[in-house]
Structures are given as C-alpha cells and as structure tokens.
Amino acid sequence: MANRVFIAGNWKMNTTLDEARALAKDVVEAVGSVGDVDVAVCPPYTNLQAVAEVIKDSNVKLGAQDVHWEEKGAFTGKVSCAMLKSVGVTYVIIGHSEQRSYFNETDETVNKKTKAVLASGLLPIVCVGETLEERKSGSMDAVIEKQVKGAFGGISAEDASKCTVAYEPVWAIGTGETATPQQANEAHIFIRKIISELFGKETADTIRIQYGGSMKPGNAKSLLEESDVDGGLIGGAALKASDFAGIVKPK
Ligand code: PGA
C-alpha cells in the first residue's frame, strides 16, 4: 500500500436531516482528527449543507453521491458541480453501480460527469466493477477495461491523477459477501495497468484505488494491507460511526 489511504462513506439514500447531523457528529468524534488517512462522508444532497457545518473544523471532507454534467438550466431533479461546490463539497461519486443499474448511468454519462467535476475543481471518485455473471463468464477484465476507458476518455493525465477509482464488484455491494483481499488486489492491479496504458506509469502508481463492497471493520485491515488497495468506499458500515471508525483505523 503505497498511496495515502482514502476512506469514504457512501450514505446512499439514508439519513433524514437530524439523523445526518447526528451521524456526522459521531463520525467527527470518532475519526475527525485522524491525520494519516483521508476521510470523507457522502450524505444525500438534502443533508450536504448541514453535514458541512458539522464537519467544518475536522479532517473529515464532504462528498456528494452524484452530479449532473450540465452547468445549469432545465434539468429537473438534477444538481450541478457549482451547486455542490457552493455547499462545501470536495468529492463526487460518479458511476456507482446502483446508478448504472437503476438510473441509466452509462460509460458516456460517467465520462461527462467526470469531465464536469474535474473542470469545476471537485474531485471524482469513479466507480467500476463487474457483476457476478460477468466474473463467472470470464468477461470481468473486458467489462472493467471498458468502464475505465469509458470514464477517462478525453481526460489529461494531470486531471486523471486527481481522480480516485473505486473498484466495487457488484456482487459484493450490500450483500455481505466481500471480495477476498487477493481478488480485490488482482482487480486493482488490472485497473492500474489500464490507467498506465492510458496515462503512463506515474499516474497509474499515484492514482488511488479504493475497494468497495461489504467492507467492514473485520476485513478492512486485510484488504488495506494489499499492495494496490489504497482505501475503501463504504456503504452499510458507514452508517454507524463506530463501524466506520473501525475501517478508518483498522485493528
Ligand atoms: P456496501 O456498499 O459497503 O454496503 O457493500 C458499498 C458501496 O456501494 O459503495
């Protein structure tokens, strides 16, 4: 593990305003002064501003779960990069598998969002990952390669190095089934190889690759010990501050 660890909590469609404030407060108490790990929480849009207020004097950064690529206008239901920036967001999750499978996210829209986020000065967390069928049928590498190349098309090496990639095997998300550290590391090495082909070795070595999919205190350490796992994108376990802290500071 060569790069600085980055742990982000994806709260998904959970937390009302009061719940979000309370969870953010607990997260700050548990990990707000951690110095050697980058930490972010990604609440729903409606709670971004309130959570920004709670975390403002801590080392915890704010992330959003999605964004629209257009700057403004008649896009009912959507939120722009400038809007996210204005409430204190630093990171934006793009291309989560739930977006891809339920809300028509494609490699093309992932690319548009990644470009828009970079242009605005925010930092993308680009999610990729195969389904169980794809893994079993042997098309996993092709699927991941297409997603990575799709996301990063037309982006400079300098901009790519500002991104985080989250490898999230769909079969491990919210299922309790985790990729073994070896499975995760193999996928991360493969992703780094594609990044290297696109942008060169330096970018490939320094871009951070998070693992996501049922990561929890009990398996975080063994995953993070792998050579190419630089952090985690945490769903379920991010909803309880003590579990989240157990991943940020794994024993
Ligand atoms: P999980 O979700 O930790 O609940 O599996 C991870 C994610 O979807 O980012």
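Order of listing sets the numbers, starting from 1, for every ligand and every atom in it.
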Could you list the atoms of ligand 1 found under 4.0 angstrom from a heavy atom of [X]?
X	result
Glu168	6 (C), 7 (C), 8 (O), 9 (O)
Leu233	6 (C), 9 (O)
Ala172	5 (O)
Asn10	9 (O)
Gly236	1 (P), 3 (O), 4 (O)
His96	7 (C), 8 (O), 9 (O)
Gly174	1 (P), 4 (O), 5 (O)

- Query: When only distance counts, is Gly235 in polar contact with ligand 1, meaning an N/O pair under 3.5 Å?
  - Reply: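 The answer is yes, given that Gly235 and ligand 1 share an N or O pair closer than 3.5 Å.
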
Within the structure, is a non-hydrogen atom of [X] found at a distance of less than 4.0 Å from ligand 1?
X	answer
Gly212	no
Cys127	no
Lys216	no
Ala237	no

Ser161 side chain to Thr203 backbone, donor-acceptor under 3.5 Å =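 Checked: no pair found.
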
*Would you check if the side chain of Gln210 reaches a backbone N or O of Phe6 as a donor-acceptor pair within less than 3.5 Å?*
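Yes; judged by distance alone, with no hydrogens or angles, the pair exists.
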
So do [Y] and [X] actually touch side chain to side chain, heavy atoms under 4.5 Å?
X	Y	value
His96	Asp66	no
Cys163	Leu118	yes
Val170	Glu98	no

Q: Classify the angle between the aromatic ring planes of Tyr167 and His188 as parallel (below 30°), tilted (30 to 60°) or perpendicular (above 60°).
A: perpendicular

**Prompt:** Run the side-chain hydrogen bond (donor to acceptor under 3.5 Å, both in side chains) check on Glu134 and Thr131 step by step: do they pass?
**Reply:** CA-CA 5 Å; Glu134 288 161 348; Thr131 64; 3.3 Å; yes

- Item | Partner residues of Glu70 under the side chain to side chain donor-acceptor pair (under 3.5 Å) criterion, sequence neighbours left out |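 Result, side chain to side chain donor-acceptor pair (under 3.5 Å) vs Glu70: none returned.
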
Note: Ile173, heavy atoms under 4.0 Å from ligand 1, region reported as both

task: Mind checking ring pair (Phe, Tyr, Trp, His ring centres under 6.0 Å) for Phe190 and listing every partner two or more places apart, or none if nothing turns up?
output: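 Phe190 satisfies ring pair (Phe, Tyr, Trp, His ring centres under 6.0 Å) with no residue once adjacent residues are dropped.
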
